[in-house]
Amino acid sequence: MMASYIVTSISAIYLQGRPTTSKSLQKLPVRTWKLQRVVPARTRKSPFIVSMATGEKSDPSSESILKSIAASWNSSEDRIALAGLGFATIAAIWASSNLISVIDNLPFIPTALELVGILFSWWFIYRYLLFKPDRQELIRIIKGSISEVLGK
């Protein structure tokens, strides 16, 4: 089964639109692939570049995330609940990705959601971006939201 699929794929690529017959499939070139010997870097004739990283070893934000996870694991008295919370998080991410793929396979829903997105985009452009006073209102709304989030 797999071999016939491979032969069909190769013949489609090789013949590129020409009519396919059994005789034309027999004329396909057969090549055997040989493993090439790996040449050590010292004996290579082509130039190559060696680069080294300088500075810090890793991203400080990833280290702080790992340190906070380790600290919460070490300070936790109920590690079973913490492990369950981690498992539930992984299961929720898996379920949400499957839900999105199921919604995408429904015949009418993706088209309807795309239409809603287009209509909302046009409304947003008309409401906030088309005229200068509306743009200033949008800037005020954004600045107000930022100050609420930061607590200023």
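When reading the values below, keep in mind they use all heavy atoms of this one structure, side chains included, and skip hydrogens, waters and symmetry mates.
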*Asks:* Suppose the criterion is ring-ring contact (aromatic ring centres under 6.0 Å, His included): which pairs have a residue in residues 74-112, not counting sequence neighbours?
*Replies:* none

*Asks:* Find out if a path of hydrophobic residues (ILVMFWY) with successive side-chain heavy-atom gaps under 4.5 Å connects Leu106 to Leu99.
*Replies:*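 Yes, because Leu106 and Leu99 connect within a single hydrophobic cluster, where side-chain heavy atoms sit under 4.5 Å apart.
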
*Asks:* Is there a chain of hydrophobic side chains (I, L, V, M, F, W, Y, each step under 4.5 Å between heavy atoms) that links Tyr128 to Leu119?
*Replies:*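 No, Tyr128 and Leu119 fall in different hydrophobic clusters.
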
*Asks:* Can you hop from Trp123 to Leu138 via hydrophobic side chains spaced under 4.5 Å?
*Replies:* yes

*Asks:* Considering only heavy atoms from C-beta outward, does the side chain of Lys143 approach that of Arg140 to under 4.5 Å?
*Replies:* no

*Asks:* Taking only residues two or more places apart in sequence or in another chain, which ones pass salt bridge (Lys or Arg N to Asp or Glu O under 4.0 Å) with Arg127?
*Replies:*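 Here the qualifying residues are Asp134, Glu137.
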
*Asks:* Calculate, to the nearest 0.5 Å, the distance between atoms CZ and CD1 belonging to Phe120 and Ile125 respectively.
*Replies:*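 Going from CZ on Phe120 over to CD1 on Ile125, the span is 10.5 Å.
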
*Asks:* Supply the atom-to-atom distance Asn74 CG to Ile69 CD1, rounded to the nearest 0.5 angstrom.
*Replies:*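 It comes to 12.0 Å.
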
*Asks:* Are Phe131 and Ile141 linked, directly or through other ILVMFWY residues, by side chains that come within less than 4.5 angstrom of each other?
*Replies:* no

*Asks:* Could you check if a side-chain atom of Leu82 sits within less than 4.5 angstrom of a side-chain atom of Glu77, using non-hydrogen atoms only?
*Replies:*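 Not touching, per the 4.5 Å side-chain cut-off.
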
*Asks:* When Leu113 is tested against each of Ile109, Thr111, Leu115 for side chain to side chain contact (heavy atoms under 4.5 Å, CB included), which residue passes?
*Replies:*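 When Ile109, Thr111, Leu115 are each tested with Leu113, the side chain to side chain contact (heavy atoms under 4.5 Å, CB included) holds only for Ile109.
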
*Asks:* Linking I/L/V/M/F/W/Y whenever their side-chain heavy atoms sit closer than 4.5 Å, directly or via other members, would Ile93 and Leu85 fall into one cluster?
*Replies:*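 Hydrophobic grouping puts Ile93 apart from Leu85.
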
